[in-house]
Amino acid sequence: MGLAYKFDWSVLWRQPYGMWLLKGLGLTIVIGLSAWVIALSLGIVIGTLRVTQYRLVRFVSTTYVEVFRNIPLIVQLFFWYYAGPMLFGETLSREINHISGLNFYVAIIGLGLYTSSRIAEHMRAGFASIGRDQYQAVLSTGMTRVQMYRYVIIPYALRLIIPPITTEFLTIFKNTSVAMTIGVAELTFQSYQIDAETFHGLEATTGAMIIYLFLGLGVVKFMGLIESRVRIRGLVGR
Amino acid sequence: MIEIKNVSKWFDDFRVLTDINETINRGQTVVICGPSGSGKSTLLRCVNGLEPYQQGEIIVDGTSLNAPKVNLYKLREKIGMVFQRFELYPHMTALQNITLAPTKVRKWSQKRAAQKGMELLERVGIPDKADAYPANLSGGQQQRVAIARSLAMEPEYMMFDEPTSALDPEMIKEVLDVMIDLAREGMTMLCVTHEMGFAREVADEIIFMDGGRIVERGTYNEFFTNPKTQRAKEFLSQILA
Amino acid sequence: MFDAVWGNLSYLMGGLWVTAKLAFFALTGGIFLGILVGLARISKRKWIYYPITIYVNFLRNIPLILVIFWFYFVMPIIIGRSIDPFPSAVVSFIVFEATYFGEIFRAGYQTISTDLVNASYSTGMTYFKTARYITVPIAFRRMLPSLITQSIVTFQDTSLAFVIGLPEFVRRASIVDNLEVASIQLFGFVGIVFFIICFIGSRISRHYEEKGRKANIL
């Protein structure tokens, strides 16, 4: 080993570096949670639209899902951040580009849209795994399709897909790191910055890894709590 | 010769085998019967080292399975085994199933292995199925391929674990016929089966197991006409009913 | 309309080529290592199972960008001199993606009944020969749709090598964008190319899934 390298673990708590990491973590959490709200609400809607009887609606929502799934997140963020403002024409785009913290908002929206397509897919899987008889049973009580979805099917499907949703929740926090490519100073970005200043990137990134691990643990615990609250007894094989 | 001496095996506090003693001489056919869960299958798997045991000793042709550096792979070349669910490799043809071990373990050439494979397929009655995949074979045909697969390694002993239990009745005979021929040709065989017709034809000894122990043993006639223990009597009345 | 793209086409396509190369190495290495990781994850030997399980669970909880950075920092220290982004990226991807491929193979291995493996052992085949001719080939065929899907994900992930300056497709597009400020064209083009490739890939995966379901032999 070319051990001309001296480890310096104090970069993790020494000021200002410790503060940087903390601020980065803060941004990671805020972006993750905000994007999650968008992803969940949009994803449930689009996932439901995917299974309607109307071919056009199905086609549009399927296209939405396929587009957001097949293009890497980084490309999507670049597109919205650099190309997005231009879509509004010359004058508006200049205004938009002057918004401070634009990259922050783009990150939230971009990540939210991307993740919403994945949640839509999980919704579709959830609907598919509810037996046909269930649908027929509800309809035979006289409810309209909309009522059926709203009061029975969607809540049921949501509980069924809690495991993959938990994974998506974990993934969304990991994906906030991609926002660093458009200059958002989240956790991963900060660990890179620490290297830029101190050349101790190894320690910084290792520290960031541990922080992400704890964040992940928190998410899993949280989703576990939710799952036990909304559990359907005797149904989902626990 | 296979010697099983005082073999016991347990999982936590559940005794799977208790004090099993048996000697199988060359050329003999021994049939093991008993209710399900009596440890018959486990005993077979202990003999070829697929399952470990905690107490006792199994010695095959002088090699003890307890020896620290025992080569289980060499041992398994000597002992062929046929399973209840055939367990043919689904991604290979019948012939490929048979030639895999000889080419990879004994390093035979493809030609030699294929020749041997075709001979064996003839012997079990389905040479025309050499290039068929298991999914396209009936249960009886699959089991016969499985027997051929084991025979390809020219084993000195053959073990059968309920070879006909998963077969439709019409196909049982074709498999039993192959096994009877094998026994008559002098193969040393250890068979777990309920097919008493088979036992009557070729068994030198019948062992009745229950709850992990050998409860009774004897020749076919002794066992059938004059069972000594209560459990054996109950078992016989069930299967003969 | 897409002049910025056509004008720089060879440069951009060169980037796509780098992306393809990176994906190729990442996939070959990731799948091969994944086969081994999957075997380790079903091993009964604790000294193999626990370390690999920790490795898998660790890497699946941290962002890929961070892993890319980490290797970029660690490798010069280990080999004693600075390193090019491409080899560093290849290593990061192999190590990272192997955890995902490993879980796919593990699921595949678990569909193989113990007695099938026992049947192989009872003909004198060793553990490794059995793995090589029986276990892995069967698992591979059964998990082919998932393997293809994960390969598409890996292909998309290569774009993250951007952060260590690798001149792949996305980075080259952004370099051109810095010069010509035609973001809609350039990133639109990148998006379309990725879309076409990944969409075709997912159709192929769907095809094998249908084929497998109908045949249901393996």
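Because only heavy atoms are used, hydrogens play no part in the values below, and waters and symmetry mates are left out as well, while side chains stay in. Within every chain, numbering begins at 1; the chains are lettered A, B, ... in the order of the sequence lines, protein sequences first and strands thereafter.
- Annotation for C/Y208: atom OH does not count as buried by contact number, only 12 or fewer foreign heavy atoms lying within 6.0 Å.
- By the 6.0 Å contact criterion, CZ on C/R203 is enclosed, its count of non-hydrogen atoms from other residues, nucleotides or ligands being greater than 12.
- For the options B/M81, B/K78, B/R85, heavy-atom pairs under 4.5 Å to chain C are most numerous at B/M81.
- At a threshold of 4.5 Å between non-hydrogen side-chain atoms, the residues B/F83 and C/S122 count as touching.
- Across C/G124 and B/E77, no two heavy atoms sit closer than the pair CA-CG, 3.9 Å.
- With a 6.0 Å radius and a threshold of 12 heavy atoms from other residues, nucleotides or ligands, B/R26 has its CZ atom above the threshold.
- At a 4.5 Å heavy-atom cutoff, the contact between B/M153 and chain C is made by side-chain atoms alone.
- Closest heavy-atom contact between B/K104 and C/K129: O-CE, 3.1 Å.
- Between the CG atom of C/N118 and the CG atom of B/D161 there is a distance of 10.0 Å, given to the nearest 0.5 Å.
- Within the 4.5 angstrom heavy-atom criterion, only side-chain atoms of B/L50, from C-beta onward, approach chain C.
- Residue C/M125 comes nearest to B/A101 through the heavy atom pair SD-CA, 4.1 Å, listed as atom of the first residue, atom of the second, then distance.
- In this structure, OH on C/Y133 lies 8.5 Å from CE on B/M92, to the nearest 0.5 angstrom.
- Looking at every heavy atom in both residues, B/Y73 comes nearest to C/Y127 through OH-N, 3.5 Å.
- Only the side chain of B/R45 comes within less than 4.5 Å of a heavy atom of chain C; its backbone N, CA, C and O stay farther away.
- For the atom pair CD1 (C/I112) and OH (B/Y89), the distance works out to 11.5 Å, reported to the nearest 0.5 Å.
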Please step through side-chain contact (heavy atoms from CB on, under 4.5 Å) for the pair B/L100 and C/T123, ending with a clear verdict. CA-CA 9 Å; B/L100 182 69; C/T123 59; over 6 Å; no

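- Neither the backbone nor the side chain of B/M159 comes within less than 4.5 Å of any heavy atom of chain C.
- Within 6.0 Å of the OH atom in C/Y11, the count of heavy atoms belonging to other residues, nucleotides or ligands exceeds 12.
- Here CZ of B/R76 is found 10.0 Å from OG1 of C/T126. Values are rounded to the nearest 0.5 Å.
- The contact between C/S113 and chain B is made entirely by side chain atoms (from C-beta outward), counting heavy-atom distances below 4.5 Å.
- Around atom CZ of C/F58, more than 12 heavy atoms belonging to other residues, nucleotides or ligands sit under 6.0 Å away.
- Only the backbone of B/L88 comes within less than 4.5 Å of a heavy atom of chain C; no side-chain atom from C-beta onward does.
- The number of heavy atoms from other shown groups lying within 6.0 Å of CH2 (B/W10) is above 12.
- For C/M13, the CE atom counts as densely surrounded, since its 6.0 Å shell holds more than 12 non-hydrogen atoms of other residues, nucleotides or ligands.
- When all heavy atoms of C/L116 and B/P90 are compared, the closest pair comes out as CD2-CD, 4.2 Å.
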